[in-house]
Amino acid sequence: PAGKAVLNFLLTELENSAGKLAVAFAGYEKEMDDLFEYNDGLPSRFPFKLKFQDYSDDELLLILQDLIKKEEIKGNFEIEEGFDGRFLKIAARRLGEMRGKRGFGNARAVRNAWQQILLRQSARLSREKTRGNFTDEFYIPGEDIMGPPPL
């Protein structure tokens, strides 16, 4: 109900402020289609559509590598098999398998994956510390990247 009121207000403002107000909608294709079905006049008020393609696996890998390098300001991360090694490539490919599924967010999915990697790393470091083992906090093994093996 509130969404309709906001949309009605926005349509009124668009008419009253023609030439002075710029509005852009952004969202998932299905939800945007539903939005434009709300009012017959909406499509004519927003005649231009930009559709962004999902990133390729290689692009997802580059984004992941960039995220890790930005974190390196705090220290020099060492990734098992390196930045171009199979673990980061597999992680990017797994992210790419989410393409087209509801909620897939390209770079946001990569950020979420990186946060999961850091959570697994933190849990591993905590376990090692409890056992009295010293572990390099800037080393990220494949198990932190990939997650636990399937049962």
Side-chain angles (χ1 to χ4, degrees), residues 1-14 21-129 135-151:
K4 288 181 181 182
V6 170
L7 195 52
N8 286 332
F9 173 79
L10 181 60
L11 291 172
T12 301
E13 287 301 308
L14 282 170
L21 178 65
V23 175
F25 291 112
Y28 294 107
E29 190 169 8
K30 166 82 171 85
E31 286 77 2
M32 295 307 299
D33 289 343
D34 291 347
L35 173 71
F36 278 85
E37 288 177 8
Y38 166 73
N39 180 299
D40 291 336
L42 271 177
S44 65
R45 288 182 175 91
F46 297 91
F48 303 106
K49 287 185 178 180
L50 296 174
K51 184 173 179 182
F52 297 97
Q53 297 301 315
D54 288 332
Y55 290 121
S56 68
D57 291 357
D58 289 339
E59 290 168 322
L60 293 170
L61 176 61
L62 286 172
I63 294 167
L64 181 56
Q65 290 167 333
D66 268 358
L67 276 174
I68 296 169
K69 288 175 184 171
K70 285 179 184 171
E71 286 283 330
E72 284 192 325
I73 293 169
K74 302 169 194 159
N76 291 318
F77 280 108
E78 180 187 343
I79 307 295
E80 183 175 352
E81 296 191 13
F83 280 84
D84 292 317
R86 71 180 159 134
F87 291 113
L88 289 184
K89 287 179 181 176
I90 291 170
R93 188 178 70 232
R94 285 181 178 177
L95 286 167
E97 290 171 359
M98 299 299 295
R99 247 182 245 106
K101 294 183 180 166
R102 184 169 172 78
F104 177 70
N106 278 310
R108 183 180 64 238
V110 176
R111 281 192 304 275
N112 290 341
W114 174 238
Q115 291 302 311
Q116 287 299 312
I117 290 167
L118 292 176
L119 286 171
R120 286 191 288 268
Q121 179 204 35
S122 177
R124 179 182 51 79
L125 291 172
S126 180
R127 284 190 310 272
E128 292 298 317
K129 184 177 180 182
T135 304
D136 182 358
E137 63 187 52
F138 292 107
Y139 177 69
I140 301 181
E143 69 183 73
D144 290 350
I145 297 167
M146 307 306 296
L151 299 174

If you compare all heavy atoms of [X] against all heavy atoms of [Y], which two are closest, and at what distance to 0.1 Å?
| X | Y | result |
| --- | --- | --- |
| N106 | Q53 | ND2-O, 4.3 Å |
| L88 | L64 | CD2-CD2, 3.6 Å |
| E59 | D54 | OE1-O, 4.5 Å |
| D84 | K89 | O-CE, 3.0 Å |
| F83 | Q65 | O-NE2, 2.6 Å |

**Ionic contact status for K30 with D34, cut-off 4.0 Å** =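 K30 and D34: salt-bridged.
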**Message:** For Y55, run the side chain to side chain contact (heavy atoms under 4.5 Å, CB included) check against L61, L62, I63 and tell me which one passes.
**Reply:**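 When side chain to side chain contact (heavy atoms under 4.5 Å, CB included) is applied between Y55 and each of L61, L62, I63, only I63 qualifies.
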**Prompt:** Would you say D40 has more than 12 foreign heavy atoms packed within less than 6.0 Å of its CG?
**Reply:**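 Check fails, neighbour count at 12 or below.
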**Message:** Within the supplied structure, the quantity of interest is the number of heavy atoms (other residues, nucleotides, ligands) at a distance under 6.0 Å from E97 CD; does it exceed 12?
**Reply:**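 Atom CD in E97 is packed in, count exceeds 12.
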**Item:** Heavy-atom donor-acceptor pair, Q121 side chain to I140 backbone, under 3.5 Å
**Value:**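 Not confirmed, Q121 side chain does not pair with I140 backbone.
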**Passing option when F25 is tested against Y38, F48, F46 for ring pair (Phe, Tyr, Trp, His ring centres under 6.0 Å)** =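 The passing option is F46.
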**Request:** Check the pair E80, I145 against side-chain contact (heavy atoms from CB on, under 4.5 Å), reporting the backbone distance first and the verdict last.
**Result:** CA-CA 9 Å; E80 183 175 352; I145 297 167; 5.7 Å; no
